[in-house]
Amino acid sequence: MTRFSVLLFARYAELLGSERVEIDLPASATAAELIDALRRMPGGALLPSHPFLAMNHSQVRSGQQLDPDAELALLPPMAGG
Amino acid sequence: MTRFSVLLFARYAELLGSERVEIDLPASATAAELIDALRRMPGGALLPSHPFLAMNHSQVRSGQQLDPDAELALLPPMAGG
Amino acid sequence: MAFLQRDPLELEPLVHDISAPTNGAVATFAGIVRDHHAGRGVVGLSYSAYEPMAEAICRQIVIEAEQQFDARVGLVHRLGEVAIGEAAVLVAAVAAHRGPAFDAVRWVIDAVKSRVPIWKRERYADGSEAWVDPTAVAGVVPAGIPG
Amino acid sequence: MAFLQRDPLELEPLVHDISAPTNGAVATFAGIVRDHHAGRGVVGLSYSAYEPMAEAICRQIVIEAEQQFDARVGLVHRLGEVAIGEAAVLVAAVAAHRGPAFDAVRWVIDAVKSRVPIWKRERYADGSEAWVDPTAVAGVVPAGIPG
């Protein structure tokens, strides 16, 4: 298992009660697998099934494999402007 | 004959050498007849054949009869902005 | 409110006059005097107007824009000498949302250019001057008048 | 240049930084905090961001806009508490002519709204608070979180 660290913001940070969570997953884990694991955490059930996941500031697609050394962040719908 | 007074601006004032000209025409004169008379004045030959003539701040069409008591003005192409 | 002004134009008071706490969008436009025109170096220019008609047409343009776009509109045009880099005209629109604000500003500046009796005399780097005629064929330099 | 700022936003320095004597048109947009949203009275709000990504995306948006529209673009977004009537975001574009200036500003504000990771928490007149979700069905008030 490999440790993945995920930044959380705004409403998602409130749902999971933290601005950063750590999750152990197989080293080959995809975005979809990380999101599934987040949704099984306490408070995670209210996360949408396809939230915006950023890896090093770029959006990753569901099937994309994650780099455990990259900066991962789960982003609620953008509300700037 | 009735006296019509016409305000001139910018390049048209320079062409006719004055910011105001007076012309005697029949009381029933139209915009086109006034413009013809202006174009026969010294310097008037360089006026276009259909310049913008305003009567009390609104454009008048060629065939429209003029009110000698109205404020008449001959306007070069607008160049504001 | 006067739509024509001989002093330098300022955006902030124009926007302030039309702002309200119900409005979420402010769009503005400034037309700036450039240092060149039709390939010639411009060193200065001055605007003149048929002032009473220009004021009346500006007022009419603002009324039409406010009715058409559900926005509040501010407009002011400079007269007299204007230096390179200074604003010749300012337009501002305040609306609940950005679409009407943008649309109003764009409509107003187009209307100002085509309907308000204002004229521009440019002075060129070679010492000549000319009245600018926006209806002249593009690329044709207006006939110079010795400066 | 920082695209995110905690102090009140000012339009003039933003425009000044991108101005040049060859440019004839300046278009700007300000998004202003309104006193209501989805039918509820808003008494205040605060913006937060995923700051390094937000800075990077803002820079990318400016680069894309400048390439696409032949304009110079300025952009700044407020973070933290913002009072009613204050600007949450400013966009400015300077170009030779007004078309590209307007188009650039409009494109940039649309891109900011859809691409920059910034979130808005509103406080309502009834004492509740909520994160604003622009993707929620129009007219549906976001679930309130007791304030």
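Labels below follow one simple rule: chain letters A, B, ... track the order of the sequence lines, proteins then strands, and each chain is numbered from 1.
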Check your understanding: Any chance CD of Glu12(C) has more than 12 other-residue heavy atoms, nucleotides or ligands included, within less than 6.0 Å?
Key -> no

Could you tell me which of [options] has the largest number of non-hydrogen atom pairs under 4.5 Å with chain C?
options	value
Ala87(D), Gly24(D), Gly31(D), Gly99(D)	Gly24(D)
His97(D), Arg106(D), His36(D)	Arg106(D)
Val94(D), Leu90(D), Val105(D), Val26(D)	Val26(D)

Point to revise | salt_bridge(Asp110(C), Arg98(D)) N-O dist < 4.0 Å | key: yes

Review point. What part of Asp35(D) is in contact with chain C, defined as an atom under 4.5 angstrom from a non-hydrogen atom: side chain, backbone, both or neither?
Key: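 Answer is both: backbone and side chain atoms of Asp35(D) are under 4.5 Å from chain C.
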
Check your understanding: Quick one: what part of Ala96(D) sits under 4.5 Å from any heavy atom of chain C, side chain, backbone, both or neither?
Key -> both

Point to revise | Option in Ala101(C), Ala88(C), Ala25(C), Ala92(C) with maximal non-hydrogen atom pairs under 4.5 Å from chain D | key: Ala25(C)

Review point. When only pairs under 4.5 Å are counted, which of Val15(C), Ile84(C), Asn23(C) shares the most heavy-atom pairs with chain D?
Key: Asn23(C)

Exercise for review: Specify the closest pair of heavy atoms between Ala49(C) and Leu79(C), including all atoms of both residues, with the distance to one decimal.
Suggested key: CB-CD2, 3.8 Å

Exercise for review: Below 4.5 Å from any heavy atom of chain D, which atoms of Leu11(C) appear? Answer side chain, backbone, both or neither.
Suggested key: side chain

Check your understanding: CZ of Arg123(C) to CD of Glu129(C): how many Å apart, nearest 0.5 Å?
Key ->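 Between atom CZ of Arg123(C) and atom CD of Glu129(C) there are 6.0 Å.
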
Practice item. Determine whether the side chains of His77(D) and Gln5(D) contain a donor N or O and an acceptor N or O closer than 3.5 Å. Key: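 Result is no, nothing qualifies.
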
Review point. Looking just at side-chain N and O atoms, do Ser128(D) and Arg40(D) make a donor-acceptor pair shorter than 3.5 Å?
Key: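 Yes.
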
